[in-house]
Amino acid sequence: MAYQATHPPPPKLCGAPGGPPVTAPRIKLRDGRHLSYKEHGFPREKAKAKIILVHGFATTKHDIMSMTDLVPHVVEELGLYFVSFDRPGYGESDPDPKRTPKSIALDIEELADHLGLGSKFYVMGFSMGGQVVWGCLKYIPHRLAGATLIAPVVNYWWPGFPANLSTEAYYRQIPQEQWMLSVAHHAPWLTYWWNTQKLFPASAVIARKPEIFSRQDLELASMAAEKSEDRPPATPQGEFESLHRDYNVGFGKWEFDPMELENPFPNNEGSIHLWQGDEDVLVPVSLQRYIAQRIPWINYHELPGAGHLFLAIPRNFEQIVKAPFPGKK
């Protein structure tokens with residue numbers, strides 16, 4: 001019984017007997033896994049800039065790509081090509097039991113090469129997908145034309161944080177989420193058990209507890225839920241290799257500290273942008289401000305009154321998309 005409690009059932013692989021169907025194009029990666037993707041905007045061959053979008057927690061390539069529908073005039077004006085993909089274990093992409101910040105950065109590089117995006121491309125990630133962008137800045141900086149982190153999830157155990165600052169931010173989370181974060185960091189082998197047992201409250205984020213949202217977020221989440229009713233589900237292959245794996249990777253022990261990264265654009269040939277709402281309940285603004293202070297080459301944009309889901313507001317997403325291309329048409 002103990003073994004069953006701590007070992008999740010195998011994922012239901014897309015395209016396998018008994019598994020969900022494959023409905024979108026996929027590439028085969030270096031290790032045999034498949035990565036599902038979706039394209040939008042200008043044709044690759046004619047686009048002035050190519051942007052890879054990285055979705056957040058409990059969502060898919062369809063959700064992040066839907067944001068581009070908010071700004072069709074900007075896509076047209078700047079000649080933008082977008083490609084989004086299902087992160088490993090989500091949607092129609094195969095799980096990666098060995099997933100790390102490095103492995104997903106290499107997945108992104110491989111996707112870009114398969115699609116012929118050229119030697120340089122942009123990455124833009126939201127929430128847990130924003131955290132993925134740190135891995136791109138570490139492991140494939142030579143491939144980036146620019147990068148945008150939108151409310152990127154922060155790991156409270158990154159060594160660059162002063163202990164008192166990260167501890168204070170950690171205890172601002174509701175107790176239910178504090179316990180979940182501690183399990184993911186200190187005992188990742190118990191993450192599946194923690195989210196399936198009935199003795200203690202499990203992840204507040206997975207349960208979408210109202211307490212984890214700002215007032216603005218509650219309004220935006222309701223609107224987003226209505227728009228996403230017809231989209232494919234995020235976790236058809238199971239929650240362990242998607243949601244639980246996100247916790248273990250995002251809040252586990254990292255091989256590097258983002259605050260120690262070197263500027264990938266020492267000659268200002270590109271730019272890095274970090275966007276944060278000052279009323280974000282999920283991602284503490286105090287830690288994001290500290291990161292911005294530690295990394296002088298980050299262009300930090302703080303939105304007053306904004307929560308975690310501010311990119312769903314058209315004027316905000318327009319600013320975000322335009323920021324890497326000042327003065328260009």
Side-chain angles (χ1 to χ4, degrees), residues 8 11 20 54-67 84 86-87 89-91 125-132 150-156 169-185 190-251 276-285 288 303 305-313 316-317:
V54 192
H55 69 81
F57 187 81
T59 57
T60 70
K61 59 183 181 291
H62 299 290
D63 299 288
I64 188 74
M65 186 63 84
S66 70
M67 294 296 103
S84 60
D86 290 330
R87 293 192 288 112
Y90 279 102
F126 166 64
S127 191
M128 195 63 82
Q131 192 189 63
V132 167
I150 309 166
V153 169
V154 169
N155 186 326
Y156 298 89
Y170 173 83
Y171 283 111
R172 283 181 178 272
Q173 297 290 314
I174 63 173
Q176 180 176 346
E177 196 61 15
Q178 292 174 28
W179 302 336
M180 178 67 254
L181 296 171
S182 280
V183 169
H185 181 76
L190 291 178
T191 301
Y192 172 73
W193 171 79
W194 186 263
N195 283 290
T196 52
Q197 52 78 36
K198 305 301 180 185
L199 301 174
F200 309 100
S203 164
V205 180
I206 293 177
R208 299 180 69 81
K209 293 283 186 180
E211 299 94 316
I212 67 170
F213 294 109
S214 72
R215 287 172 296 176
Q216 183 190 78
D217 285 340
L218 288 171
E219 297 175 9
L220 293 172
S222 176
M223 293 166 51
E226 292 179 11
K227 293 180 180 179
S228 64
E229 286 180 354
D230 297 330
R231 292 181 199 143
T235 61
Q237 303 178 85
E239 292 192 352
F240 180 74
E241 286 295 351
S242 49
L243 308 182
H244 304 171
R245 184 73 66 188
D246 262 3
Y247 269 105
N248 288 352
V249 174
F251 300 101
Q276 175 70 26
D278 70 350
E279 293 187 7
D280 193 331
V281 179
L282 279 170
V283 181
V285 67
Q288 221 73 282
L303 302 181
H308 191 66
L309 305 177
F310 59 83
L311 84 165
I313 299 174
N316 289 343
F317 195 65

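Nothing fancy with the numbering, it's 1 onward along the sequence.
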>> Between E219 and F213, is the side-chain contact (heavy atoms from CB on, under 4.5 Å) condition met? List the steps.
In response: CA-CA 9 Å; E219 297 175 9; F213 294 109; over 6 Å; no
>> My understanding is that only residues two or more places apart in sequence, or in another chain, count here; which of them pass salt bridge (Lys or Arg N to Asp or Glu O under 4.0 Å) with R208?
In response: none
>> Restricting to salt bridge (Lys or Arg N to Asp or Glu O under 4.0 Å), what partner residues turn up for D217, sequence neighbours left out?
In response: none
Could you tell me whether the side chain of [X] and the main chain of [Y] form a donor-acceptor pair under 3.5 Å?
X: Q178; Y: Q173; answer: yes
X: Y90; Y: A58; answer: yes
X: Q197; Y: A202; answer: no

> Which is it for F240 and N195 under the side-chain contact (heavy atoms from CB on, under 4.5 Å) test, yes or no, and what are the steps along the way?
Replying inline: CA-CA 9 Å; F240 180 74; N195 283 290; over 6 Å; no
Where [X] and [Y] come nearest, the two heavy atoms and their spacing:
X: S214; Y: G307; answer: OG-CA, 3.4 Å
X: F310; Y: G277; answer: CE2-N, 3.5 Å
X: L311; Y: F317; answer: O-CB, 3.3 Å
X: D280; Y: A151; answer: OD2-CB, 4.0 Å
X: P236; Y: G91; answer: CG-O, 3.4 Å
X: S242; Y: G89; answer: CB-O, 3.5 Å

> Going through the checks in order, is the side-chain contact (heavy atoms from CB on, under 4.5 Å) test met by T191 and V183?
Replying inline: CA-CA 6 Å; T191 301; V183 169; 4.1 Å; yes
Can you tell me how far apart [atom1] ([X]) and [atom2] ([Y]) are? Round to the nearest 0.5 Å.
X: R215; Y: L220; atom1: CZ; atom2: CG; value: 13.0 Å
X: L243; Y: T235; atom1: CG; atom2: OG1; value: 5.5 Å
X: S127; Y: L309; atom1: OG; atom2: CG; value: 8.0 Å
X: I64; Y: S66; atom1: CD1; atom2: OG; value: 7.5 Å
X: Y171; Y: Y156; atom1: OH; atom2: OH; value: 12.0 Å
X: E211; Y: I174; atom1: CD; atom2: CD1; value: 5.0 Å

> For the side chain to side chain contact (heavy atoms under 4.5 Å, CB included) test, which of V54, T59, V153 pairs with M128?
Replying inline: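 Exactly one pass, corresponding to V153.
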> What's the verdict on side-chain contact (heavy atoms from CB on, under 4.5 Å) for K209 and Q176, showing C-alpha distance, side-chain angles and the deciding distance?
Replying inline: CA-CA 10 Å; K209 293 283 186 180; Q176 180 176 346; 3.8 Å; yes
> Does the side chain of V205 reach to within under 4.5 Å of the side chain of E177, using non-hydrogen atoms?
Replying inline: yes
> Should H308 and V283 count as side-chain neighbours, where that means a heavy-atom distance under 4.5 Å?
Replying inline: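 Yes, their side chains come closer than 4.5 Å.
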>> Could you work out, with side-chain contact (heavy atoms from CB on, under 4.5 Å) as the rule, every residue matching W179, not counting sequence neighbours?
In response: P175, W194, P201
> Can you name the residues that form a side chain to side chain donor-acceptor pair (under 3.5 Å) with S84, not counting sequence neighbours?
Replying inline: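 For S84, no residue satisfies side chain to side chain donor-acceptor pair (under 3.5 Å) once neighbours in sequence are set aside.
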>> By the salt bridge (Lys or Arg N to Asp or Glu O under 4.0 Å) test, which pairs, at least two apart or in different chains, include something from residues 238-250?
In response: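 The answer is R87-D246, R99-D246, E241-R245.
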> Which residue pairs pass the salt bridge (Lys or Arg N to Asp or Glu O under 4.0 Å) test with at least one member in residues 55-64, sequence neighbours excluded?
Replying inline: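 Sorted result for residues 55-64: K61-D86, D63-R231.
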